[in-house]
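These notes concern the structure reproduced below.
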Amino acid sequence: MNDILTFAQGSLLLLATWMLSIWAFKLELPFRWQRGLLLGGLLLSTLPLLRMALVPYLSSNPAIEITLPVVEIGVLTAPSASGIPAAELLWWLYAAGLWLTLLPGAWSLVRVCYWLVRGKRQPYLQSTLVFTGSSHHGLCSFGHWIFIPATNQTLPSDLLLAHELAHVRSWHSADKLLMQLLLALFWFFPPVYLLRKQLELLHELEADAAATRQYNAFDYALELSAYRLGVSNAQLVNPFFKSNHQLLTRINMLNKTMNRRHLWLAPAAFSLLLAVACTQGVVSDPDADKPLSEKVFADEEDLMQLNKFPEFVGGDEALMSYMAEHIKYPEKARADSIQGMVLLTFTVDKTGKIKDGVVTRGVHPLLDEAALGVLNNMPDWVPGEKDSMPVNVQFHLPINFKL
């Protein structure tokens with residue numbers, strides 16, 4: 001459930017980013033400010049996922065941790081039918097969608113590498129022209145390379161090159177790589193595709209604005225309209241012409257004066273996104289949805305380094321018998337049909353004594369107190385050893401109260 005809430009938080013940030021980008025476009029803020037707001041929202045939307053991925057590595061772990069078998073208290077029921085849990089099926093579906101979404105971007109990078117290996121290069125200002133020798137793509141750019149679909153090294157017009165050079169100088173390819181990553185992570189969320197279209201439009205408008213600072217806007221509009229349509233482009237490159245839908249918008253924006261009176265709204269909107277991204281309420285134990293008996297609390301390498309495991313006198317079977325014998329199902333809890341799994345955490349210190357016993361995950365105060373009381377009165381264990389020295393070892397003991 002926590003994983004779903006984490007993705008929901010990232011999706012909410014993407015939706016808010018898209019709405020704010022449309023709002024900034026309607027206000028006609030400068031293109032660089034619009035692009036900055038959109039990219040900032042995209043980056044912030046990855047924070048919940050990044051935090052979820054890093055929680056296991058950032059959390060403190062002062063002792064080696066081991067989980068124990070489940071102690072059953074009450075009437076045992078027949079085991080449930082085996083099958084693949086729904087959560088696991090969802091993860092498999094998500095992973096399949098992620099890889100399928102990454103494939104077009106990977107194929108695009110393969111095409112770019114093919115053009116670089118096969119094409120002829122020529123330095124041009126802050127970029128490198130690459131004559132690909134192929135007529136199956138249009139004029140486009142990626143990184144500091146401008147790809148020209150020609151074999152005779154005939155240069156396009158200066159106006160077209162000025163447009164592509166603006167893509168290079170503005171590092172639009174880095175934006176596309178980030179967008180491709182977000183598209184893969186949130187492939188199931190429709191607004192992410194709208195964000196990609198909005199980002200592509202901002203790239204073209206920003207490059208158009210840079211080109212028209214050097215050339216007449218009317219001549220540029222004619223060049224844009226006359227450029228041949230229907231050419232295929234790799235997904236991650238910046239093509240000079242993307243789609244018919246953008247044509248009228250780009251021409252219409254050539255003579256627009258950007259509105260700088262509302263620039264303060266961009267950082268205000270970004271602050272709102274930042275506040276949502278920094279909310280940690282939906283992120284907790286990454287194993288919270290797993291059955292307690294399936295959790296892995298121990299690092300295998302640490303366990304292998306233990307020369308001697310801590311042991312309840314008589315072994316695990318004696319421990320299970322001790323807990324089952326001494327934990328009494330509270331009559332009030334039984335009468336009220338209260339049941340569930342209580343997770344106890346405790347440390348067997350270097351002398352074998354039980355310390356720091358707590359209820360890591362409780363069900364009801366009646367069940368929690370019944371389990372914790374027996375734990376705290378447990379007799380001493382035989383301590384564990386690592387490198388022939390006594391060590392503290394932390395245990396997690398699931399107690400299943402079931403009617």
Side-chain angles (χ1 to χ4, degrees), residues 1-22 35 37-54 84-116 136-138 140-143 145 147 167 171-204 231-239 241-246 273 276-277 282-283 286 289:
M1 181 62 70
N2 287 316
D3 293 342
I4 295 176
L5 293 176
T6 299
F7 276 101
Q9 185 182 19
S11 301
L12 176 62
L13 285 164
L14 286 176
L15 178 60
T17 299
W18 175 70
M19 295 175 65
L20 290 173
S21 66
I22 296 299
R35 177 188 168 206
L37 178 61
L38 195 153
L39 290 176
L42 292 179
L43 289 172
L44 290 177
S45 66
T46 65
L47 283 184
L49 301 184
L50 184 64
R51 195 163 56 233
M52 179 180 70
L54 293 180
I84 302 177
E88 186 175 344
L89 285 175
L90 286 177
W91 273 113
W92 278 108
L93 177 63
Y94 172 76
L98 186 148
W99 286 111
L100 288 175
T101 309
L102 285 175
L103 283 178
W107 174 243
S108 179
L109 288 177
V110 169
R111 291 184 62 183
V112 168
C113 293
Y114 176 76
W115 292 341
L116 289 174
H136 298 294
H137 66 88
C140 56
S141 61
F142 182 81
W145 300 290
F147 299 99
H167 282 307
W171 290 87
H172 287 165
S173 298
D175 298 1
K176 282 186 167 287
L177 290 172
L178 173 64
M179 190 69 247
Q180 185 65 29
L181 174 62
L182 266 294
L183 199 68
L185 291 175
F186 294 95
W187 61 266
F188 55 87
F189 193 54
V192 74
Y193 300 93
L194 300 176
L195 275 169
R196 179 174 64 175
K197 290 184 177 181
Q198 185 67 13
L199 182 62
E200 290 172 348
L201 177 60
L202 286 177
H203 283 171
E204 299 310 313
V231 292
S232 59
N233 292 288
Q235 184 169 344
L236 292 182
V237 298
N238 298 289
F241 190 87
K242 180 68 177 178
S243 67
N244 296 337
H245 177 71
Q246 290 184 354
L273 292 175
V276 177
V282 299
V283 179
D289 291 328

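Distance alone, capped at 3.5 Å, places no donor-acceptor pair between the Thr101 side chain and the Ala184 backbone. Ser108 places no side-chain N or O within donor-acceptor distance of the main-chain N or O of Pro104, the cut-off being under 3.5 Å.
One distance of note links CZ of Arg111 with CZ of Phe147; it measures 10.5 Å at 0.5 Å rounding. Atom CG of Leu43 is separated from atom CG of Leu178 by 5.0 Å, given to the nearest 0.5 angstrom. Rounded to the nearest 0.5 angstrom, Arg196 CZ and Leu199 CG are separated by 10.5 Å. Here the OG1-CG distance, from Thr17 to Leu37, works out to 7.0 Å after rounding to the nearest 0.5 Å. Going from atom CG of Leu194 over to atom CD1 of Ile22 covers 8.0 Å, rounded to the nearest 0.5 Å. Note that the OH atom of Tyr114 and the CH2 atom of Trp107 stand 9.5 Å from one another [nearest 0.5 Å].
In this view, Leu12 and Val276 satisfy the side chain to side chain contact (heavy atoms under 4.5 Å, CB included) rule, not counting sequence neighbours. Residues satisfying the side chain to side chain contact (heavy atoms under 4.5 Å, CB included) criterion with Leu100, sequence neighbours excluded, are Leu103. Listed by chain and residue number, Leu182 satisfy the side chain to side chain contact (heavy atoms under 4.5 Å, CB included) test with Thr46 (two or more places apart in sequence, or in another chain).
Taking 4.5 Å as the limit, every side-chain heavy atom of Glu200 sits out of range of all side-chain heavy atoms of Met179. Leu42 has its side chain within reach of Leu14: a pair of non-hydrogen atoms, C-beta onward, lies under 4.5 Å apart. Counting heavy atoms from C-beta outward, Phe189 and Leu15 have side chains that approach closer than 4.5 Å. Contact annotation: the side chain of Tyr193 never approaches that of Lys197 to less than 4.5 Å [non-hydrogen atoms, C-beta and beyond]. A 4.5 Å side-chain heavy-atom check between Leu185 and Tyr94 finds at least one atom pair inside the cut-off. Between Trp145 and Trp115 there is no side-chain heavy-atom pair separated by less than 4.5 Å. At least one side-chain heavy atom of Leu49 sits less than 4.5 Å from a side-chain heavy atom of Phe186.
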